[in-house]
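Everything numeric in this text was worked out from a predicted model, so none of it was measured.
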Amino acid sequence: MADSDRTEYQIPFYYRCEPPLPDDLETETSIVQDKTVKECLPLLNEVDDASRSPFDFNEFGLPNLEKEKHIGFLHDNLGEFPAPFVGLDASRPWMVYWALLGLYLLGEDISVFRSRVVKTFYSMQHPDGGIGGGFGQYAHLAGTYAALLSLALVGGEEAYGLVDRQKMWHWLGRLKQADGGFKVSEGAEEDTRGALCALLAISLLNLPLSLPRDSPARAAGLETFRDGLGEYLSRCQTYEGGIAASPGGEAHGSYAFCALACLCLYGPPDRTINKFLDVDALLWWLSSRQYAPEGGLAGRTNKLVDGCYSHWLGSCWPLIQAAVSGPRDSAGSRSLGVGENLYSSEGLARYILCCCQAEEGGLRDKPSKHPDSYHTCYTLCGLSTVEHSHSYALADNDDDPFSSAFSWEVSHTPIHSEQNDSKVFDTGAGVKKIHPIYTIPHDAALAIRQWFLMRPLDV
Ligand code: FPP
Ligand code: K
């Protein structure tokens with residue numbers, strides 16, 4: 001193909017070259033940062049590689065999402081693992097969730113996994129409530145989160161009916177703390193993960209919001225699972241503006257998502273996020289997590305971009321944008337206009353598509369790392385966030401505490417190309433939409449909730 005036939009790709013210069021303001025001070029941190037930029041730049045500029053066909057890229061210079069390869073990679077991840085992977089045993093609910101969600105995002109029918117999933121989780125429930133990593137393991141809120149989302153993903157009575165909600169409710173009652181937060185397991189640490197996982201379980205399983213009589217938090221005067229929770233999350237916001245695992249800790253992207261998603265379950269985001277968090281400080285911190293030229297997101301100050309933060313941080317954006325804009329259709333709401341975006345979704349898509357796709361299939365943290373199902377799932381979530389914009393509504397009748405959580409819809413707000421304002425940016429990847437709080441399809445979250453709404457727990 002002659003050079004004159006080559007397309008003029010729409011790529012902003014700041015995603016193509018070294019950062020314009022280098023810092024001369026060399027530290028351990030600056031060395032690994034420079035190394036990361038060096039491994040990303042050739043991939044960000046691969047469109048210039050004469051050995052590559054122009055058909056491998058879209059008009060924004062983005063390579064295709066290699067769906068078939070990634071589907072094959074995720075299928076392999078649902079198979080057996082060799083002995084050295086024994087350390088991942090307690091993460092089995094997560095391995096199931098990451099592979100299933102990844103396959104869903106890539107357009108696969110995952111209902112075919114229903115009976116395998118039910119069989120897998122059947123033995124993971126603890127006799128005293130909650131779900132662990134496998135038979136005989138202690139129940140943990142993180143495993144419970146992944147298990148409930150996996151059961152919701154495959155759906156059906158057999159999957160929903162497997163959960164012992166009565167015991168789950170009492171177990172959650174024992175995890176609720178006097179300061180409003182939740183421990184992740186009995187005798188374990190209390191953190192923002194616990195807060196999200198607990199409200200997620202309560203809302204999906206339609207558990208009573210009132211604390212069981214045997215909950216130790218009752219002795220401290222708390223009456224419901226929500227009591228003190230907003231104030232607890234408030235204390236997790238740090239001097240940097242980001243959110244830590246627990247009060248006094250370091251702000252980190254994973255915990256920012258946990259806190260924001262938890263607040264969006266607690267109530268409508270414009271009320272809860274604005275009430276319990278310093279939104280200006282949070283916006284400043286969140287914006288500082290995106291780097292150029294990489295375009296990807298780093299979990300905390302002075303650390304490196306990593307594909308998994310395409311979800312943990314990337315999925316904070318729809319939630320905080322909703323808190324800033326307010327509910328859809330509300331007169332006078334400061335809705336973000338066409339093309340207005342509080343972060344560079346284009347930069348994020350560049351990082352995921354150019355730097356995270358492994359040749360052999362699967363997506364990864366960064367080019368020098370191997371792919372795995374965790375990074376594959378969460379980079380695909382990042383693409384989904386880039387490709388869809390989300391909004392929520394307020395219910396007329398506010399009896400249901402989770403009404404706003406179940407009102408989210410995809411609204412079509414195109415984003416402009418950063419290089420050429422007259423063009424609508426497009427990743428070309430066509431990843432499925434998912435619920436911005438539950439991180440599973442909207443109808444999967446709704447179906448499990450509705451099944452349990454029809455079966456109120458008798459307490
Ligand atoms: C740092 O790892 C990572 C953490 C401190 C947090 C991990 C937490 C999650 C992924 C969230 C879990 C969420 C739920 C809902 C259970 P690192 O030091 O290796 O990475 P870094 O250099 O990027 O900070
Ligand atoms: K978006």
Q) Within a reach of under 6.0 Å around OH of Y138, are more than 12 heavy atoms found that belong to other residues, nucleotides or ligands? A) no
Q) If we ignore angles and hydrogens, is there a donor and acceptor under 3.5 Å between the side chains of Q33 and N302? A) no
(Q) I need the single residue from R193, Q237, E250 that forms a side-chain contact (heavy atoms from CB on, under 4.5 Å) with Y255. Which is it? (A) R193
Q.
Suppose we call two aromatic rings close when their centres sit under 6.0 Å apart. Are F257 and H311 close by that rule?
A. yes
Q. Between R52 and E46, does at least one N-O distance fall below 4.0 Å, as a salt bridge requires?
A. yes
Q) Taking NZ, NE, NH1 and NH2 as the nitrogens, is one of them in K366 or E294 under 4.0 Å from a carboxylate oxygen of the other? A) no
(Q) Using modelled atom types and a 3.5 Å cut-off, is there a donor and acceptor pairing between side-chain atoms of R449 and backbone atoms of S203? (A) yes
Q: For this output row, return yes or no: ring centroids of Y351 and Y309 closer than 6.0 angstrom.
A: no
Q) Just by distance, with hydrogens left out, do Q357 and H70 show a side-chain donor and acceptor under 3.5 Å apart? A) yes
(Q) Let me confirm one number: the OG-NE2 distance from S91 to H140, rounded to the nearest 0.5 Å. (A) 9.5 Å
Q.
Taking the ring centre of each residue, are W312 and Y378 less than 6.0 Å apart?
A. yes
Q) For the residue pair G347 and E418, what are the closest heavy atoms and their distance? A) N-OE2, 4.2 Å
Q: Would you kindly say whether D306 and H375 are connected by a side-chain donor-acceptor distance under 3.5 Å?
A: yes
(Q) Centre-to-centre under 6.0 Å for F276 and Y266, is that the case here? (A) yes
Q) Is the F60-Y9 ring centre distance short of 6.0 angstrom? A) no
Q. Taking atom types as modelled, is there a side-chain donor on T427 or E387 under 3.5 Å from an acceptor on the other?
A. yes
Q) With a cut-off of under 6.0 Å to the ring centre and 45° to the axis, is R289 in cation-pi contact with W285? A) yes
Q.
Please determine whether a side-chain nitrogen of the Lys or Arg among K423 and E59 lies less than 4.0 Å from a carboxylate oxygen of the Asp or Glu.
A. yes
Q.
Can you give me the closest heavy-atom contact between L62 and R350, atom names plus distance?
A. CD2-CA, 3.6 Å
